[in-house]
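Just below is one structure, and these are the notes that go with it.
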Protein chains: 2
Amino acid sequence: MTSINQLFNREQSSALEASGSQPIVLMGRIRLARNLNGFFFPGWSDRNQRERVFNQCKQAIENVPQISPSVNFDIEALDEMERMLLVEKHLISKELSEGQPGSGVVIHESQQTSIMINEEDHLRIQVMSPGLAFDELWQSANTLDDELEKRLDYAYHEKFGYITACPTNLGTAMRASAMLHLPALVVNKEMEKVVRAVNQLGIVSRGLFGESSDPLGSIFQISNQQTLGETEDVIIQRLHHVLETIIEQEQYARIRLFEQDRAKVMDRISRAFGVLKFSKLLSSSEAMNLLSLLRLASDVNVLPVTVREIVDSLFIQIQPAHLQFSNKRVLDTEARDELRALRVKEVLKDIPEPDEISLDFEGSFNKKVDNFDRSR
Amino acid sequence: MTSINQLFNREQSSALEASGSQPIVLMGRIRLARNLNGFFFPGWSDRNQRERVFNQCKQAIENVPQISPSVNFDIEALDEMERMLLVEKHLISKELSEGQPGSGVVIHESQQTSIMINEEDHLRIQVMSPGLAFDELWQSANTLDDELEKRLDYAYHEKFGYITACPTNLGTAMRASAMLHLPALVVNKEMEKVVRAVNQLGIVSRGLFGESSDPLGSIFQISNQQTLGETEDVIIQRLHHVLETIIEQEQYARIRLFEQDRAKVMDRISRAFGVLKFSKLLSSSEAMNLLSLLRLASDVNVLPVTVREIVDSLFIQIQPAHLQFSNKRVLDTEARDELRALRVKEVLKDIPEPDEISLDFEGSFNKKVDNFDRSR
C-alpha cells in the first residue's frame, strides 16, 4: 500500500493548492453518494459486513481507468496526524477520519478525485478542481459513477433515485459546492443577508471545514441543499447562477469598501502583512484571517497577483496536521504556532509590501467574469 | 518675543527627548509652588491683578542668570496647537494651557527649566532632566528659587511654610517626580499592587499626562504626595528610595516575564515592531503602547540600545500637536493617524528586527543600578 508520504511528497498539489487560482473563487467540487444493494448502510453494519463492502468497492474502483493511478488507505492503518492531513486537504471528511473499522478511501494521484468507502454511505465519489469548472467536474463524476455502476450493484429506486443513508441526499444524491473567498462582504457585514437570500433558493453556506465551522479566512462553502426531484444539470445550473450573483455582490462590496474606507482597508491589509511577517506565534485561525486580507489585496492589485496562489497554498500548509507532517513529528499547540509563524515569514519574505498605486477593480472584475463564463 | 518656532526649531530637545536615556527611567522632575504677598491667588484674581503679577514675576525671572537665555510666552498670544505643544513637552500644565488671561510661562532654552506664572499659584518653578538626578535637580530648583526670593516678596508662614493656593501643597510646596517605564509590571498585572504599596508611603502614581490620565505606553509619573512637616531632602530621599524599589520590582518582573513567557513576549515585541512598520493609520495611544514594547526590547538587548532614545523621542513627536506643528498645519484625526504611521515607519526603517540571541538582563540590571547610584 502506498504510504501517505509517497502520495504527498510528490510535486502534485491538491485542488485547493493548485495553480490557476482566481479572484474570489477557490475551487468547485461535486460529490455523489452511492450505496450497494444487499448491505446495511455503514452506520448500521458490523465490522465484518463493512469489510466485505470495503473490499468489494476497492476492487471495483481499482478497475476503473479514470481513477488510476491511485492510492488507497484503510482508515485504521492511518495515525491521527495522517487522517487529519487528509481532512485538511479535503480528501476525506471529518466523519471518515473518526476511523470506523472497515472504512477507507481511494485517492487519485492528482488529489482531485477521491472515493470514500463506508463513510455515511457505502461510496462517496468526490471530484474537485480550482475555479468553477462545474461542467468538467460533472462529466468526471458522472463517468466515474457510470464505470462503478458497471461493476457494483447500486441501490436505486425508480421514484426516489439513488438510495442514501440520510434522506436529505435521496434523488440525485449529488452535492455540488464552491469555495468562495468573500472578505469584503464579511467586512461590510453583508454576509448574513447574502446567506439568508441564498437559503431561500435551496442553497446553503458553511465554513471551510464543513457544517458548523466558522468562516475562517472569510472562506465559504456554498452548495445545493436539494437533491430530489430535479436533474443534476438543473441543480448545477441553479447553483452556478447563485454563485455568479454572490461573486458579483462581493465585487461590488470590494468597490464600496475601497471607495468609502480606502485608508482603513489599506491599513488593515498592511497591518496583516506586518503581523504575518513579524509574529513569532501564530494560531491557524488568526493566520487564515490575516492571509485572507492578502488574498484580497492580490485580487485588487495592491499585492502582486502571484500572492493569491501563495495564500491559497498557505491556507492548507499552515493547518495543524500539515505543519506536523512537514516537520515529521507531533507538535504541541505552542510549537505549532511557532513553526507556523516561521513558515509564513519565510514564504512572505520576498513579497513587496502592499501598495495601492495600482489599485485595479475593473481588470479583476472583467477577468473574473471571463473566467466564470468560460467555465460554464 | 521669541516665537514657538524659534524655540523648537533649534536642535535642542526637551528632557524627555534628550540623550542619556536609561532603562526604566525616563526623567526626573522637581516643581516648586510659590506665591507673592499682597496678591490674591490667580484663581481669585481679576485680569488686571494677574497681569500685574505676571509682569512683576517676568521681570524678576529675566534678571536671574540661571534661567538665561530664556523665552517667555503670554498664554493668550499662543494658539491652541502651540499651547498643546508645550503641554506635550511637559513645559506647561494642561491647566495653564487653558489660557486664563494674564498667565504665561518663561522657558529656558535648554527646555529643562520652565517657570509658569499664574497657573494655580503665582509661580510654578519646574526643572527636569533625563534619569534620576534628584540632587542636581534640587540644587537647580533651589538656586533658582533663592534668586527669585531676592527679587520677589514670597508669601511664607513660620509654621505652614510656603503658602499655596491648594492646601495639599503647603510646607515645602515641592513636588518631586519621576517618569518610569514599567511594561513588565503592567504585563504581569502587578502594577496595581505596587501602586497600593507606594500610596501607603505617601507616594502617588499617575499616567504620562497627569492626574487622571491612563498609563499609556506603561509610563507612570511617581511623585511625593506629602509636602508639609518635612524638609525637601527627606521628601526626596524617601521618594528616591521608593523609586529604587519600584525599579527593582520592574527588573524582577522582566526576568520573570522572559523566563516564564519568553515565546509570548518575543511574539508581542516582534508584532509591535511589525505593526509600527506597516500600519497606515496609527492612533497616539496605540503607538505609545507599541513603542513601549520596543523600549522594553531595547532595555533587554533584543533591539539595539539606540532604539531606546528613538522611542523616547517618538513618545513626544507622535503626540497630536507635535505632528501638526512639524507639518505646519492643523490636521484632523485621520490625517494625524496617517502622518503618525508614516513618521514612525520612516524612523524605524533602518532598525533591524527584534532578535533574542543576545537577551541580556544582568547587563541592563547592573548598568541600571550603577546609573541609579551615581545619580544620588
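Just so we're on the same page: letters track the sequence lines, and every chain starts at 1.
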Ring pair (Phe, Tyr, Trp, His ring centres under 6.0 Å) pairs, two or more places apart, involving residues 274-295 of chain A: A:Phe278-B:Phe273
Greater than 12 external heavy atoms within 6.0 Å of B:Arg83's CZ: yes
Please set out all donor-acceptor pairs under 3.5 angstrom arising from side-chain atoms of residues 346-353 of chain A, sequence neighbours excluded.
unit_1: A:Glu346; atom_1: OE2; unit_2: A:Lys349; atom_2: NZ; d: 3.2
unit_1: A:Glu353; atom_1: OE1; unit_2: B:Lys345; atom_2: NZ; d: 2.6

Flag the pair A:Lys280 / B:Val265 as yes when at least one side-chain heavy-atom distance between them is below 4.5 Å, and no otherwise. no
Strictly less than 4.5 Å between heavy atoms, which residues of residues 183-195 of chain B line up against chain A? Please order them by number. none
Any residues in residues 330-344 of chain B near chain A, with a heavy-atom distance under 4.5 Å, and which are they? B:Glu334
Closest non-hydrogen atoms of A:Val275 and B:Arg271, given as atom of the first, atom of the second and distance, are CG1-NH1, 3.6 Å
Without swapping roles, check the side chain of B:Asp267 against the backbone of A:Ser279 for a donor-acceptor pair under 3.5 Å. no
With a 4.5 angstrom heavy-atom cut-off, is it the side chain or the backbone of A:Leu276 that approaches chain B, or both, or neither? neither
